[in-house]
2 protein chains.
Amino acid sequence: MEERSVFARRLRAAREARGVSQKQLGILAGIDQFVASARINQYERSKHVPDLHTAQRLAAELNVPVSYLYEPDDDLAQLIRLLGACSRDQRHQLIAQLQTP
Amino acid sequence: MEERSVFARRLRAAREARGVSQKQLGILAGIDQFVASARINQYERSKHVPDLHTAQRLAAELNVPVSYLYEPDDDLAQLIRLLGACSRDQRHQLIAQLQTP
DNA sequence: TGGCATACTAAGGAATCCTTAGCTTTACGG
DNA sequence: CCGTAAAGCTAAGGATTCCTTAGTATGCCA
């Protein structure tokens, strides 16, 4: 009945974009196979929130920066996702670009 | 003796940039004044991690996006901080720029 | 010197998470 | 239509982590 949290929505979006099941994602992130399904589901239904290390492993398997999972603003979240795919040089150019308006 | 977590380091960096004490930050974020000091200190020493709502309130008072507090990559973290200060239009321009290289 | 602010910490009650053991729904194949 | 397998989902309680309490240590300066 309760509203879905930002973390829950971003996690689901990223997982579906990746095309894996809740159980598969959990296993990929190193969670025991008999627990994976329940835990990922609890995260996506915002029943619970994982610790930072688990969040990091989930993000790594989903090919998004961890920070993406925590960002409430949709535009900023999308930018974080796009920046996650950028090269080091591209990022440095953008930093320079944004620091000197 | 243990290593400082990403969240702890970012929180301290943002707080010091803001020039407020641990206790002040806690109070600004709505934490009880008799508990504020201990809790912020536990976060900065990575003894504990706050729930998402508290993290959001801390970030808001520190003038950084919440996602900044969770990002391990220094370049990406800096970009997130810079993007947090950008206008909606600037963000949209950047999204367009990054989507079609 | 005393008083105050800041940073920090142990301990335990309070809250949250992880595991177990399923149930329900959806999607096929026969 | 029915069986079944995969996917999604959940309650309950033991396991773990957090929040509160109560306090120490240090530095500053009136």
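The chains referred to below are lettered A, B, ... by the order of the sequence lines, with proteins before strands, and numbering in each begins at 1.
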Whole angstrom is fine here: how far is it from CG in B/L52 over to C1' in D/dC18? 14 Å
Looking at the side chain of B/Q24, which of D/dT20, C/dT6, C/dC8 is the nearest nucleotide? C/dT6
Side chain of A/V35 - closest among C/dC8, C/dT20, C/dA10: C/dT20
Nearest-Å distance, CG (A/L25) to P (D/dA7)? 13 Å
Is B/Y43 near enough to D/dC19 that one of its side-chain N or O atoms lies under 4.0 angstrom from OP1 or OP2? yes
Between A/Q42 and B/K23, which is nearer to the 5' end of DNA chain C once each is assigned its nearest nucleotide? B/K23
Taking only the side-chain heavy atoms of B/R12 (C-beta and beyond), determine which of D/dA11, C/dC8, C/dA11 contains the nearest atom. C/dC8
Pair B/L79-A/L79, side chain to side chain contact (heavy atoms under 4.5 Å, CB included): steps then yes or no: CA-CA 10 Å; B/L79 275 168; A/L79 275 168; over 6 Å; no
Tell me whether the side-chain N/O atoms of A/R39 come closer than 4.0 Å to OP1 or OP2 in C/dC17. no
Where the side chain of A/S37 is concerned, which of D/dC9, C/dC8, C/dC18 is the nearest nucleotide? D/dC9
Quick one: is D/dA7 close enough that its OP1 or OP2 comes under 4.0 Å of any side-chain N or O from A/R15? no
Atom-to-atom span, CD1 of A/I40 to P of C/dC17 - whole angstrom: 14 Å
How long is the line joining NZ of A/K47 and C1' of C/dT19, in whole Å? 14 Å
Quick one, A/L52 and B/V6 - any side-chain contact, counting heavy atoms below 4.5 Å? no
Nearest whole angstrom, please: distance from the P of C/dT19 to the NE2 of A/H48. 11 Å
Spacing between B/N41 atom CG and C/dT6 atom C1', to the nearest angstrom: 10 Å
Which nucleotide, D/dA7, C/dC17, D/dA11, lies nearest any side-chain atom of A/V49? C/dC17
Is the shortest side-chain N/O distance from A/R45 to OP1 or OP2 of D/dG8 below 4.0 Å? no
Rounded to whole Å, NE2 of A/H53 lies from P of C/dC17 at a distance of 18 Å
Out of the candidates B/R9, B/R15, B/K23, B/R10, only one should pair with B/E44 under the salt bridge (charged side-chain N to carboxylate O under 4.0 Å, His left out) rule; please name it. B/R15
May I have all residue pairs that pass ring pair (Phe, Tyr, Trp, His ring centres under 6.0 Å) and include part of residues 45-85 of chain A, sequence neighbours excluded? A/F7-A/Y70, A/Y70-B/Y70
Note: A/R39-A/D32 ion pair, threshold 4.0 Å (strictly below): no
B/D51 CG - C/dA15 C1' separation (whole Å): 10 Å
